[in-house]
Amino acid sequence: VSECRFPDIDGSGTVSANDAALVLAAAARIGAGEDSGLTEEQEYLADADMDGTITATDAALIQKFAALAGAGKYENSPEGWLNSSCSSRI
């Protein structure tokens, strides 16, 4: 469980569409052969599916969680992330 990564890329304290946008932009830069533009810590958090790469799939998972948390289905917190996404992969 300690490996679950709450993907708060922008450091706001919650996961939002902005986090998903940062991850999507990083994935595009990586795909173009460029640096991600993220810090090492942000890269770690951005790999939401924990497969070792930052891709559009990570951005989609983050966006989905942000939307569901906004609708009240999950708490927008590390615990909410664990309940929604991470627990199904561990």
Side-chain angles (χ1 to χ4, degrees):
V1 172
S2 63
E3 291 187 27
C4 286
R5 305 167 187 178
F6 184 59
D8 176 19
I9 310 307
D10 64 10
S12 68
T14 61
V15 173
S16 67
N18 187 57
D19 297 304
L22 289 169
V23 172
L24 189 58
R29 284 192 292 274
I30 292 167
E34 300 172 13
D35 182 83
S36 72
L38 301 174
T39 67
E40 188 174 320
E41 176 68 14
Q42 287 173 318
E43 286 183 349
Y44 175 79
L45 297 174
D47 184 16
D49 64 7
M50 299 182 293
D51 70 353
T53 57
I54 298 170
T55 66
T57 299
D58 298 305
L61 287 170
I62 293 167
Q63 179 63 43
K64 180 179 177 183
F65 174 77
L68 291 172
K73 182 161 174 80
Y74 298 107
E75 180 180 330
N76 198 329
S77 68
E79 294 78 21
W81 176 255
L82 174 67
N83 291 334
S84 73
S85 301
C86 195
S87 60
S88 65
R89 294 189 303 273
I90 294 177

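Numbers for residues simply follow the sequence, beginning at 1.
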[X] side chain vs [Y] backbone, donor-acceptor pair below 3.5 Å:
{"X": "Asn76", "Y": "Ala66", "value": "no"}
{"X": "Arg29", "Y": "Ser36", "value": "yes"}
{"X": "Asp49", "Y": "Asp58", "value": "no"}
{"X": "Glu75", "Y": "Gly80", "value": "no"}
{"X": "Asn18", "Y": "Leu22", "value": "no"}

Give, for atom [atom1] of [X] and atom [atom2] of [Y], the distance between the pair rounded to the nearest 0.5 Å.
{"X": "Ser16", "Y": "Ile9", "atom1": "OG", "atom2": "CD1", "value": "9.5 Å"}
{"X": "Tyr74", "Y": "Ser84", "atom1": "OH", "atom2": "OG", "value": "5.5 Å"}
{"X": "Leu45", "Y": "Asp19", "atom1": "CG", "atom2": "CG", "value": "9.0 Å"}
{"X": "Cys4", "Y": "Asn83", "atom1": "SG", "atom2": "CG", "value": "10.0 Å"}
{"X": "Thr14", "Y": "Trp81", "atom1": "OG1", "atom2": "CH2", "value": "13.0 Å"}
{"X": "Leu82", "Y": "Arg5", "atom1": "CG", "atom2": "CZ", "value": "14.0 Å"}

Identify whether [X] and [Y] are in the same connected component of the hydrophobic contact network (ILVMFWY, side-chain heavy atoms under 4.5 Å).
{"X": "Val15", "Y": "Leu38", "result": "yes"}
{"X": "Phe6", "Y": "Ile62", "result": "yes"}
{"X": "Leu24", "Y": "Tyr44", "result": "no"}

TODO: Looking only at non-hydrogen atoms, find the nearest pair between Ala56 and Ala27 and report the distance.
DONE: N-CB, 3.9 Å
TODO: Identify the heavy atoms of Ala46 and Ile54 that sit nearest to each other, and give their distance.
DONE: CB-CD1, 4.0 Å
Open item on the list: We want to know whether Thr39 and Glu41 form a side-chain donor-acceptor pair, criterion being a heavy-atom distance below 3.5 angstrom.
Closed with: no
